[in-house]
Amino acid sequence: MHKQPADTVIVLDFETTGLSPDQGDRAIEIGAVIIEQGRITDSFQRLMNPGRRVSSFIEQYTGISNAMLQDAQDCSSVMAEFAEFIDGYNLVAHNASFDRRFLDAELERIGAGYPGQFACSMLIARRLYQGAPNHRLGGLVEYKNIPTDGVFHRALADAEMTARLWLQMLEDIELDYGKVELTFRQLQQLSKTPKAGVSGYFNRQ
DNA sequence: TGCCAGGCCCTCTTTAGGGCCTT
């Protein structure tokens with residue numbers, strides 16, 4: 001799967017009750033978009049009931065209230081649906097180590113898995129846009145003048161912004177290096193390349 | 001009740017500490 005092109009991926013984002021599934025935190029919303037050959041072709045968005053109340057901080061941060069979650073499907077049924085949605089695709093997220101931990105934890109609860117690999121848009125952006133004031137998703141969207149609908153910290157909106165950032169990075173790489181068929185694996189490896197060596201990375205491929 | 005992570009990356013580094021990111 002890692003030999004697949006970089007312009008065909010699923011970009012995903014979780015909203016959660018906190019920062020760590022190891023500390024008992026759960027997912028409360030999943031948003032994702034499919035990018036195929038450089039175009040967004042489909043999306044997935046579900047709220048999910050974590051079985052307990054979320055903190056007022058999370059209500060304020062995400063705009064997802066306890067009232068909204070009360071009527072939502074259970075995590076297990078949403079995640080079973082989502083496992084089918086991502087089957088066959090490589091995955092992208094902004095600060096992917098965070099979303100991967102929650103994806104792994106929620107799927108493990110229902111005995112499901114996924115075949116794809118993860119790439120992190122934040123680690124790649126830190127290398128490509130070393131002059132950006134910061135590498136938060138919102139900061140990068142502003143830095144690259146990527147259009148938004150003004151919604152932040154909701155799963156589908158953040159997944160769409162990350163998808164547009166991903167496409168922007170592919171475009172910028174091709175502009176700088178003239179590479180026309182980037183593989184997912186190349187982007188994964190870029191995210192692990194020492195920052196000082198990034199300028200020649202694609203010329204050496 | 002109160003508390004709460006983990007990986008990356010820089011530097012005044014490697015016998016460590018702290019900022020950046022994610023909710």
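For A:T41, the side-chain hydrogen bond (donor to acceptor under 3.5 Å, both in side chains) partners two or more places apart in sequence, or in a different chain, are A:E36.
As rounded to the nearest Å, B:dT1 and B:dG6 have C1' atoms that lie 26 Å from one another. Across the C1' atoms, B:dT23 and B:dG7 are found 16 Å apart, a figure rounded to whole Å. Rounded to whole Å, the separation between the C1' atoms of B:dC4 and B:dT22 comes to 15 Å. Nucleotides B:dG19 and B:dT13 have their C1' atoms positioned 15 Å apart, rounded to a whole Å. Rounded to whole Å, the separation between the C1' atoms of B:dG18 and B:dC12 comes to 12 Å.
Note on ring orientation: taking the six-membered ring where Trp is involved, the planes of A:F85 and A:F44 are tilted (angle from 30° to 60°).
Judged by distance alone, the side chains of A:N66 and A:Q70 never bring a donor and an acceptor atom under 3.5 Å apart. If you check the side chains of A:Y143 and A:N134, you find no donor sitting under 3.5 Å from an acceptor.
At the heavy-atom level, A:D99 lies nowhere under 4.0 Å from the strands shown. Here A:E15 lies in heavy-atom contact (under 4.0 Å) with sugar-phosphate atoms only. Contacts of A:F57 with the nucleic acid, taken as non-hydrogen atoms under 4.0 Å apart, include base atoms. Across all strands shown, A:I28 has no heavy atoms under 4.0 Å from either base or sugar-phosphate atoms. Note on A:R127: only backbone sugar-phosphate atoms sit closer than 4.0 angstrom, heavy atoms only; bases stay farther off. Counting non-hydrogen atoms under 4.0 angstrom, A:D25 reaches nothing in the nucleic acid. Residue contacts for A:T17: at a heavy-atom cut-off of 4.0 Å it reaches no nucleic acid atom on any strand shown.
Between A:G138 and A:R101, the residue anchored nearer the 5' end of DNA chain B, judged by the nucleotide with its closest heavy atom, is A:R101. Each of A:S191 and A:D158 has a nearest nucleotide on DNA chain B; the 5'-most of these lies closest to A:S191.
Formation of a donor-acceptor pair under 3.5 Å by the A:Q188 side chain with backbone atoms of A:F118 is found in this model. A:S65 places no side-chain N or O within 3.5 Å of a backbone atom of A:E59 that could act as its donor or acceptor partner.
Protein chain A contacts DNA chain B from B:dC4 to B:dT23, reading 5' to 3' and using non-hydrogen atoms of the protein with a distance under 4.0 Å.
Chaining together hydrophobic side chains whose heavy atoms lie under 4.5 Å apart places A:Y61 alongside A:I28, A:L47, A:V54, A:F57, A:I58, A:I64, A:M68, A:L69.
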